[in-house]
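These notes concern the structure reproduced below.
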Amino acid sequence: MTTFIRRVFGALGLDPATFEDVEADRSATGQAVLVVLLASIGAGLGNTDLGSSAPRIIVVAAAASILAWATWAGLIYYLGTRVLPDRDTRADFGEVFRTLGFAAAPGMFRAFEVFGNTRWFVLPLTSLWMIVAMTIGVRQALDYRTTTRAVALALLGWGVAMGMAIVVGTLLSTPVS
């Protein structure tokens, strides 16, 4: 458990060595999944007012968050290894999956949106933090020599993932009449 906690704090601290460690450790896949689940639960909690419909909202928001992250990771893997590889890019899906799973760690803090009127602050902060973490994860997983390509890929993936989350959230939400 201490390795997991150290890795989560390393990802939160945007430490490239942590992302390299996770990329190389095939046994860290379960830990990456756990980080994604915790971040998704954080998003679910942050999207609720804790009223009677809270459990449904948490589940829908968490599901949308997981789907958005999976879309983001899949798109980055495909584009990073097939469309925009660097000369040194050598990555399999597991390496990308693990590093991007830990890059979702800042999403756990979205749970703080549940307290008062904090969404205006927490959502942009955690989104930016996740984009920076994703950029570092992309650079490490895809062995990019420069950060520019990693930034472009992380932003493109984030845009598509947010679009996916909005679509899923809209489809699964209860219409207001």
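A salt bridge is absent between Asp143 and Arg90: the closest approach of a Lys/Arg side-chain nitrogen to an acidic carboxylate oxygen does not fall below 4.0 angstrom.
Note that CH2 of Trp129 and CG of Leu14 are 7.5 Å apart. Values are rounded to the nearest 0.5 Å. Note that the CZ atom of Phe112 and the CG atom of Leu123 stand 15.0 Å from one another [nearest 0.5 Å]. To the nearest 0.5 Å, the span separating CZ on Arg145 from CG on Asp86 amounts to 4.0 Å. Separation of atoms CH2 (Trp72) and CE (Met130) is listed at 4.5 Å; rounding is to 0.5 Å. Between atom CG of residue Leu34 and atom CD1 of residue Ile41 there is a gap of 8.5 Å, rounded to the nearest 0.5 Å. Atom CD1 of Ile5 sits about 10.0 Å away from atom CD of Gln31, to the nearest 0.5 Å.
A 4.5 Å side-chain heavy-atom check between Tyr77 and Arg82 finds at least one atom pair inside the cut-off.
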### Task
Any chance you could lay out the side-chain contact (heavy atoms from CB on, under 4.5 Å) test for Phe9 and Thr18, step after step, and finish with the verdict?
CA-CA 9 Å; Phe9 278 108; Thr18 297; over 6 Å; no

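With hydrogens and angles disregarded, no donor-acceptor distance shorter than 3.5 Å links the side chain of Thr126 to the backbone of Pro106. A side-chain donor-acceptor contact under 3.5 Å links Trp69 to the backbone of Leu100. Judged by distance alone, with hydrogens and angles left aside, the side-chain atoms of Arg139 form a donor-acceptor pair with the main-chain N or O of Tyr144 at under 3.5 Å. Side chain of Arg149 to backbone of Pro85: a donor-acceptor contact under 3.5 angstrom is found. Side-chain atoms of Ser127 do not come within 3.5 Å of backbone N or O of Pro124 as any donor-acceptor pair.
The two atoms that bring Leu153 and Gly80 nearest to each other are CD2-CA, 3.7 Å, heavy atoms only. For the pair Ile76 and Ala154, the tightest heavy-atom approach, listed with the atom from each and the gap, is CD1-CA, 4.2 Å. Heavy-atom minimum distance, Ala11 versus Ala105: CB-CB, 4.3 Å.
Hydrophobic clustering (side-chain heavy atoms under 4.5 Å, transitive across Ile, Leu, Val, Met, Phe, Trp, Tyr) groups Leu79 together with Val138. Taken together through direct or relayed side-chain contacts under 4.5 Å among Ile, Leu, Val, Met, Phe, Trp and Tyr, Val59 and Val114 form parts of separate hydrophobic clusters. In the hydrophobic clustering of ILVMFWY residues, with side-chain heavy atoms under 4.5 Å counting as a link, Val151 and Val160 come out together.
For the side-chain hydrogen bond (donor to acceptor under 3.5 Å, both in side chains) condition, the pairs that include at least one residue of residues 92-102, sequence neighbours left out, are Arg26-Asp92, Thr29-Arg98.
In terms of the salt bridge (Lys or Arg N to Asp or Glu O under 4.0 Å) criterion, residue partners of Asp21 (sequence neighbours excluded) are, by chain and number, Arg6, Arg7.
Few gaps surround CZ on Phe93; more than 12 heavy atoms of other groups in view lie less than 6.0 Å from it.
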